[in-house]
**Q** 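There's a structure below that I have some questions on.
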Amino acid sequence: MATLQDLITRRFEDVRIFEDGGISTVEFLEASEGKVRTKYKSDPEAFDTLQKIIAAEAVTKVRTATQGLLWLKRGLEMTAMGLKRNLLDKSEALSDSFTEAYNKTLMQFHNFIVKKMFGVAMLACPNRETFYEKIGGNNDKVHEGLLAWVEALQNILNQLNIFYASGSYDKGL
């Protein structure tokens with residue numbers, strides 16, 4: 001049976017972070033999807049890092065890619081935190097790991113209704129055994145591969161967080 005890692009064409013472990021902290025736009029887009037792709041395609045040479053896209057939009061009133069990347073970043077932070085927490089604590093229910101990750105990441109940006117909807121969605125969360133079996137098996141090989149993916153993703157997110165904070169690029173979004 002193919003694992004989740006076998007199906008992913010570009011892994012976050014393969015996304016280059018340059019010496020200046022710039023994140024390869026092409027490689028990031030291959031590892032994820034979103035509004036950023038449209039901005040990148042408008043001028044691939046000028047927007048070879050995600051940070052260059054954000055900086056270019058900062059001087060305009062239209063910050064579609066910056067906002068799209070911000071929300072993608074936030075969602076990926078929740079995913080990374082929830083998965084890592086669950087991988088490191090084999091006794092914790094998947095829904096508990098993701099609820100705790102939601103509380104620490106996305107909850108602050110959501111209104112009462114969305115918060116309640118998240119709680120309801122967690123009622124449909126599979127148990128950890130079913131989840132890991134569906135993505136390749138509940139074994140050390142799959143867990144190690146997922147942990148490597150999560151840690152690489154977290155490294156990218158850390159770079160984005162530093163950059164967003166350095167220019168207050170998330171203000172007003």
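Every heavy atom of this structure was used, including side-chain atoms; hydrogens, water molecules and symmetry mates were not. All of these numbers come straight from a predicted model, not from anything done at the bench.
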**Q** Under a 3.5 Å distance rule, please check whether Tyr164 uses its side chain to pair with a backbone N or O of Thr66 as donor and acceptor.
**A**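 Looks like yes, one N/O pair under 3.5 Å.
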**Q** Has Lys115 got more than 12 heavy atoms of other residues, nucleotides or ligands less than 6.0 Å from its NZ?
**A**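 Above 12, so yes.
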**Q** Can you list everything that forms a ring pair (Phe, Tyr, Trp, His ring centres under 6.0 Å) with Phe163? Sequence neighbours excluded, please.
**A**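 Result, ring pair (Phe, Tyr, Trp, His ring centres under 6.0 Å) vs Phe163: Tyr169.
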**Q** Could you name each residue pair satisfying salt bridge (charged side-chain N to carboxylate O under 4.0 Å, His left out) that touches residues 49-67, not counting sequence neighbours?
**A**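 Pairs touching residues 49-67 that pass the test: Asp48-Lys52.
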**Q** Are there over 12 heavy-atom neighbours, none belonging to Phe112, within less than 6.0 Å of that residue's CZ?
**A**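 Result for CZ/Phe112: open.
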**Q** Would a 4.5 Å heavy-atom cut-off, applied to side chains only, mark Phe28 and Val36 as touching?
**A**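 They are not in contact (no side-chain heavy atoms under 4.5 Å apart), so the answer is no.
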**Q** I'd like to know whether the aromatic ring centres of Tyr132 and His143 sit less than 6.0 Å apart in this structure.
**A**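 So the answer is yes for these two rings.
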**Q** Donor-acceptor check, side chain of Thr130 to backbone of Pro126, threshold 3.5 angstrom: yes or no?
**A**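 Such a contact is absent between Thr130 side chain and Pro126 backbone.
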**Q** Around atom CD1 of Ile113, are there more than 12 heavy atoms from other residues, nucleotides or ligands closer than 6.0 Å?
**A**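 Incorrect, the count does not exceed 12.
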**Q** With clusters defined by side-chain heavy atoms of hydrophobic residues (ILVMFWY) lying less than 4.5 Å apart, directly or transitively, does Leu29 cluster with Val15?
**A**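 Linked, Val15 and Leu29 end up in one cluster.
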**Q** Do Thr99 and Phe118 come within less than 4.5 Å of each other through their side chains, counting heavy atoms only?
**A**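 When only atoms from C-beta onward are counted, Phe118 and Thr99 do touch, with a gap below 4.5 Å.
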**Q** Do Phe109 and Val114 land in one hydrophobic cluster if side-chain heavy atoms of ILVMFWY residues count as linked below 4.5 Å?
**A**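 Yes; tracing contacts between hydrophobic side chains, which count when under 4.5 Å, links both residues.
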**Q** Show me the donor-acceptor pairs within less than 3.5 Å that the side chains of residues 67-77 make with the rest of the protein, sequence neighbours left out.
**A**
from  : atom 1 : to     : atom 2 : distance (Å)
Lys73 : NZ     : Asn161 : OD1    : 2.6
Glu77 : OE2    : Asn161 : ND2    : 2.7

**Q** Look up atom OG in Ser97 and atom CE in Met78, then write down how far apart they are to the nearest 0.5 Å.
**A**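 Answer rounded to 0.5 Å: 11.0 Å.
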**Q** Should we count NZ of Lys171 as having more than 12 external heavy atoms under 6.0 Å?
**A**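 Not more than 12 within 6.0 Å, no.
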**Q** Check the side chains of Asn155 and Glu151 for a donor-acceptor pair under 3.5 angstrom, ignoring hydrogens and angles.
**A**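 Distance-only check fails for Glu151 and Asn155.
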**Q** Just wondering, do Leu88 and Leu147 contact through their side chains at under 4.5 Å, heavy atoms?
**A**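 In contact.
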**Q** Is the Phe47-Tyr40 ring centre distance short of 6.0 angstrom?
**A**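 No, too far apart.
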